[in-house]
Amino acid sequence: MKDNSDQTKLRQQPEWEQRLKAESDALRCSPDPGSWEKLNTLLARPTVSGPRRVRWLARTLVAAAAMLGLVLVARHTLLPADHSVVWSGQEVRETQPGYFDHYLAAAHGLTGYRPVGEGGADAAGTRQPWSDAPGTE
Amino acid sequence: LIEACRRGDRLAQRRFYDRHAPWMLGICRRYLTGVAEAEDAMIRSMHRALTRLGDLREGHSLRAWLRRIAVNECLMDLRSRRLMVPGEEVPESSMTGPDAIDQMAEKDLLSLLEKLAPGYRTIFNLYVLEGYNHREIGELLGISLHTSKSQLAQARKRLAALLGKTFTAEHEG
């Protein structure tokens with residue numbers, strides 16, 4: 001911070017400036033008797049800028065909370081509720097009795113088609129899911 | 001002593017204060033002419049120093065570190081009161097008449113600096129008394145190199161006049 005050419009600067013300074021600098025270096029002023037009490041009060045207060053470890057811990061906690069928030073938001077925006085049911089539903093193995101029902105329910109949830117055999121399609125197989133309304137046959 | 005202060009030992013902090021406060025108050029008085037303002041700046045500087053002693057690196061000069069803290073506190077105070085405007089002139093009411101100059105003891109550094117406008121006083125303090133260069137002053141105060149140099153020349157001229165000296169251009173920084 002200090003100028004590297006202090007000696008050069010001193011040589012260039014007029015004599016009265018050098019005297020002022022010497023006086024300034026030797027300058028001492030007596031603090032007010034109540035100053036220590038004020039400082040003591042300030043020191044007794046908990047400060048925002050604590051030790052480095054505390055600051056590090058606080059930053060880590062904030063970062064972790066932010067990450068958790070991001071994950072929650074991403075889950076709710078990227079995975080719609082009806083689709084997420086498919087992925088979060090209980091796994092049913094193909095050897096179990098309810099396997100096909102579970103498979104069809106999942107397919108219906110993804111595409112909007114009704115499972116075959118529930119009267120959703122006509123014999124020719126041309127029936128579309130949007131023509132399901134009464135009176136359209 | 002520093003280790004004890006870092007641990008928060010209040011007695012050690014008191015000893016640290018007793019040792020450094022008069023010297024730091026001297027710095028603050030050079031920048032801030034009001035006694036109460038200088039006291040407040042010294043207390044804030046001391047508080048900052050005692051709560052951030054952990055930032056002081058091994059081998060670094062404690063005095064230089066404390067000086068920087070005190071100078072920064074004073075500059076912040078001047079800035080907050082908008083008293084650091086470069087080129088600011090001394091109000092007529094506070095100008096010293098010839099008789100007052102004759103009576104003023106040359107040794108009285110503080111009363112001499114009080115005669116300068118805050119802008120001039122700040123730059124004179126930083127350059128001549130603290131040893132900062134013009135580039136550093138420009139960064140600290142947010143002014144150009146040229147402004148810093150011209151302000152210093154004006155401050156020197158004013159001080160030389162107050163001291164009854166003849167200012168010579170060869171001494172300009």
Side-chain angles (χ1 to χ4, degrees), chain A residues 1-70, chain B residues 6 8 10 13-14 17-18 21-30 35-36 38-40 42-44 46-48 50-52 54-55 61 64-65 67-68 71 106-110 112-113 124-125 127-136 156 159-160 163 165-168 170-173:
Chain A
M1 183 65 72
K2 294 268 276 183
D3 195 351
N4 293 329
S5 57
D6 268 358
Q7 292 303 315
T8 316
K9 197 194 270 185
L10 272 178
R11 280 198 294 275
Q12 290 172 346
Q13 281 179 334
E15 183 265 337
W16 62 270
E17 270 190 15
Q18 291 179 34
R19 213 168 58 230
L20 283 183
K21 173 144 179 55
E23 271 183 44
S24 118
D25 290 341
L27 183 66
R28 302 285 185 278
C29 298
S30 299
D32 187 79
S35 289
W36 165 250
E37 282 311 313
K38 286 183 189 171
L39 178 61
N40 202 14
T41 311
L42 280 177
L43 287 169
R45 281 186 204 160
T47 51
V48 175
S49 54
R52 281 182 183 177
R53 190 190 272 177
V54 175
R55 272 180 276 170
W56 179 85
L57 191 64
R59 284 181 195 147
T60 309
L61 281 173
V62 169
M67 285 288 286
L68 188 65
L70 274 174
Chain B
R6 277 178 183 158
R10 202 45 58 86
Q13 289 176 337
R14 175 68 202 244
Y17 168 86
D18 288 340
W23 168 75
M24 285 175 85
L25 182 57
I27 294 174
C28 297
R29 287 290 305 276
R30 281 198 278 111
V35 179
E39 283 272 351
D40 286 347
M42 183 275 290
I43 292 170
R44 285 198 306 274
M46 194 57 84
H47 178 245
R48 184 175 286 258
L50 283 170
T51 50
R52 294 191 181 182
D55 294 349
S61 162
W65 185 69
R67 176 188 291 270
R68 202 162 56 238
V71 169
E106 279 188 13
K107 283 182 184 174
D108 196 347
L109 173 71
L110 293 178
L112 186 67
L113 290 173
F124 185 83
N125 262 316
Y127 187 88
V128 177
L129 305 183
E130 315 288 1
Y132 286 81
N133 61 35
H134 286 298
R135 184 181 53 77
E136 290 166 334
R156 280 176 156 166
L159 273 175
L163 286 165
K165 308 282 181 191
T166 310
F167 181 79
T168 49
E170 65 190 86
H171 291 141
E172 284 186 47

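Predicted, not measured: the structure shown is a model, and the values here were computed from it. Reminder, nothing fancy here: chain letters follow the sequence lines and each chain counts from 1.
Minimum interatomic distance between A:Cys29 and B:Gly26 (heavy atoms only, all atoms of both residues): SG-CA, 3.9 Å. Between B:Met46 and A:Leu39, the shortest heavy-atom contact is CG-CD2, 3.4 Å. Scanning both residues, A:Lys21 and B:Val128, for their nearest heavy atoms gives CD-O, 3.2 Å. The two residues B:Thr51 and A:Leu43 come nearest to each other via the heavy atoms CG2-CD2, 4.2 Å.
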Would A:Leu20 and B:Leu113 count as a side-chain contact (heavy atoms from CB on, under 4.5 Å) here? Give the steps. CA-CA 10 Å; A:Leu20 283 183; B:Leu113 290 173; 5.8 Å; no
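Note that the CG atom of A:Asp25 and the CD atom of B:Glu130 stand 8.5 Å from one another [nearest 0.5 Å]. Rounding to the nearest 0.5 Å places CG of B:Leu159 at 8.0 Å from CD of A:Glu17.
In this structure, no portion of B:Asp18 lies under 4.5 Å from any heavy atom of chain A.
Applying the side chain to side chain donor-acceptor pair (under 3.5 Å) rule to pairs touching residues 30-41 of chain A yields A:Ser35-B:Glu39, A:Asn40-B:Arg10, sequence neighbours excluded.
Here the side chains of B:Trp23 and A:Leu27 are not in contact, with every heavy-atom distance at 4.5 Å or above.
Listed options B:Arg29, B:Arg14, B:Arg6 were ranked by heavy-atom pairs under 4.5 angstrom with chain A; first place goes to B:Arg14.
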